[in-house]
Amino acid sequence: MIPTVPPSLLPLFVVVPLLGAAVLLLVRRRAVQTVILIGAPVAVGLGGLGLLIHHHTEPVISHAVGGFSDVLAIPFVSDSLSAVMLLVTAVSTLAASAFLILTGESRYRFLPSLVLLLSAGVNGALLTGDLFNLFVWVEVMLMPSYALIAVTGGWRRLGIGRLFVLVNLLTSTILLIGVGFVYGTAGTVNLASLAGVGSDDPATAAALAVVLLALAVKAGMVPVHSWLPRAYPGTSAGVMALFSALHTKVALYAMYRIVAVAFSDGLPFLVVLAALVLVTILVGAFSTAGATRVRTAMGHQMVSGVGHILLGLALFTQLSVTAGILYLVHHVVTMSALLLTTGAIEHTYGSGRLDHLSGLARRDPWVIAILALGLFSLVGLPPTSGLWGKVGLLGASAEQATSGGVVLGWAAILAVIIASVGSLLGLQRVWRGMAWGEDMTTYRPDDPRTGRGAPVPLPDDVRVRWSLAMPGAAMLMLSLAMFVGIGAVLPTIDTAATDLLNVDAYVEAVIGQ
């Protein structure tokens, strides 16, 4: 018997992390912090799994907060896509939280509460059915993020924090202006009430384009992408893993939701979006080769991943949307695995610079094997989830090329293939620098002025602790499981795409016929 989930429980996805954050402000015992920091994402993940099971019988459920009805309500809405996102983001948050505990960063004052506040904002953004409340939840996400940058990372975080704040304040302003324009042209910001309006009313379409522009900047799409590979690596590895899995992916989810609901007949500015998406795929892939730090290279790969995910939106068919969602899930899992693994290396050896790391294949063979498989996944090689993500996008592009969209279809195929080659070349440089070469050295403090003297080998006992590598390894195992179990994963992703495109069911659940 399939369990049912009352719609009135949807606000708990926000309430649980908020309560956890409040408790941690009052109780500072380490054991309590650990239990709540781990327990909150576990609870959200189990709730997301329950919703996913429930949506096999009821595609969409909605709850009007405060008991208001129709378009006056503040709606919480869930379908298979939002349930998948709740589950995946909760798993990635759990892995990042475990890593923060293992590195000792969870002892920083307020950090556990900030992580839970960020999680609450993410869950609210994934479940809201209202554009203004989307803006509110995005701001709830951003406020703790500013503080997380301030308390983690190296000295670079000071300048990086300023960049992050300026970019997000600007884009939040644009987002709010766009929401105001939508209300001015359509008379509502309720998503269900905006169903199909973007295709019928050019003024509302232009207003929604402003909203999509702000979300594209937050996601890191070219040409407004350069801030992302500069800002994210300035934080610690655990926080960067959180930002990668939550910030960019919430923006991408919101873009999918808005386009699917408001532009039922397709985007009027499709050519512009498609061109920018293809350039994003290529720029992110080839920029990787110029990175001097491991996590900077991962930042450029995040940009390329944003392009791959949005390719499903540019093609906008059932197959392409399924492929885009699959790639989104794969990218959350793979980037979490890579960032947490490189973070373990950085935490152990004190540097993430490529010219400071070498010989890890001899010193930490199991850790470097995890890294290698994660890089395989980004390129799209077996036995990782990246293969199915790339195959899905190529299949959707081929379908487009044979059904009238010859130029876009072939351009997309070429972009994905060329970007895979570019990523392979750039990531091979990262791999070669870290895995091979001479054994890493330290310096004997012979010179009292510089504190450095002759280089000496690192002590043999300086190795990545297996416990520190476990969060990244667990996420990589999830990627491998997605590769092996694609027959079970793909129907769920396809259902999520179907629910997203089933606008009539969404409208009926929120405001009735």
For this session: With rounding to the nearest 0.5 Å, note down the distance linking OG in S244 to NE2 in H331.
Result: 6.5 Å
Exercise. Just wondering, are more than 12 heavy atoms of other shown residues or ligands nearer than 6.0 Å to CZ in R353?
Worked result: yes
Problem set entry | Distance in Å, F263 CZ paired with L313 CG, rounded so as to fall on 0.5 Å steps | 10.0 Å
For this session: Output, in order, the C-alpha distance, side-chain angles, deciding distance and verdict of salt bridge (Lys or Arg N to Asp or Glu O under 4.0 Å) for R257 and D79.
Result: CA-CA 11 Å; R257 179 69 70 187; D79 61 4; 2.8 Å; yes
Problem set entry | S80-D499 side chain donor-acceptor pair, cut-off 3.5 Å | yes
Problem set entry | S172-K218 side chain donor-acceptor pair, cut-off 3.5 Å | yes
Exercise. Between the side chains of H330 and S479, is a donor N or O closer than 3.5 angstrom to an acceptor N or O?
Worked result: no
For this session: Measure the spacing between CG of L215 and CG of L252 and express it to the nearest 0.5 Å.
Result: 9.0 Å
Problem set entry | Atom CE of M477 with >12 non-hydrogen neighbours under 6.0 angstrom | yes
For this session: Go through the side-chain N and O atoms of S106 and Q33 and say whether any donor and acceptor fall under 3.5 Å apart.
Result: no
For this session: Could you grab the distance from atom NE2 of H300 to atom CZ of F286, nearest 0.5 Å is fine?
Result: 13.5 Å
Exercise. Looking just at side-chain N and O atoms, do N190 and Y183 make a donor-acceptor pair shorter than 3.5 Å?
Worked result: no
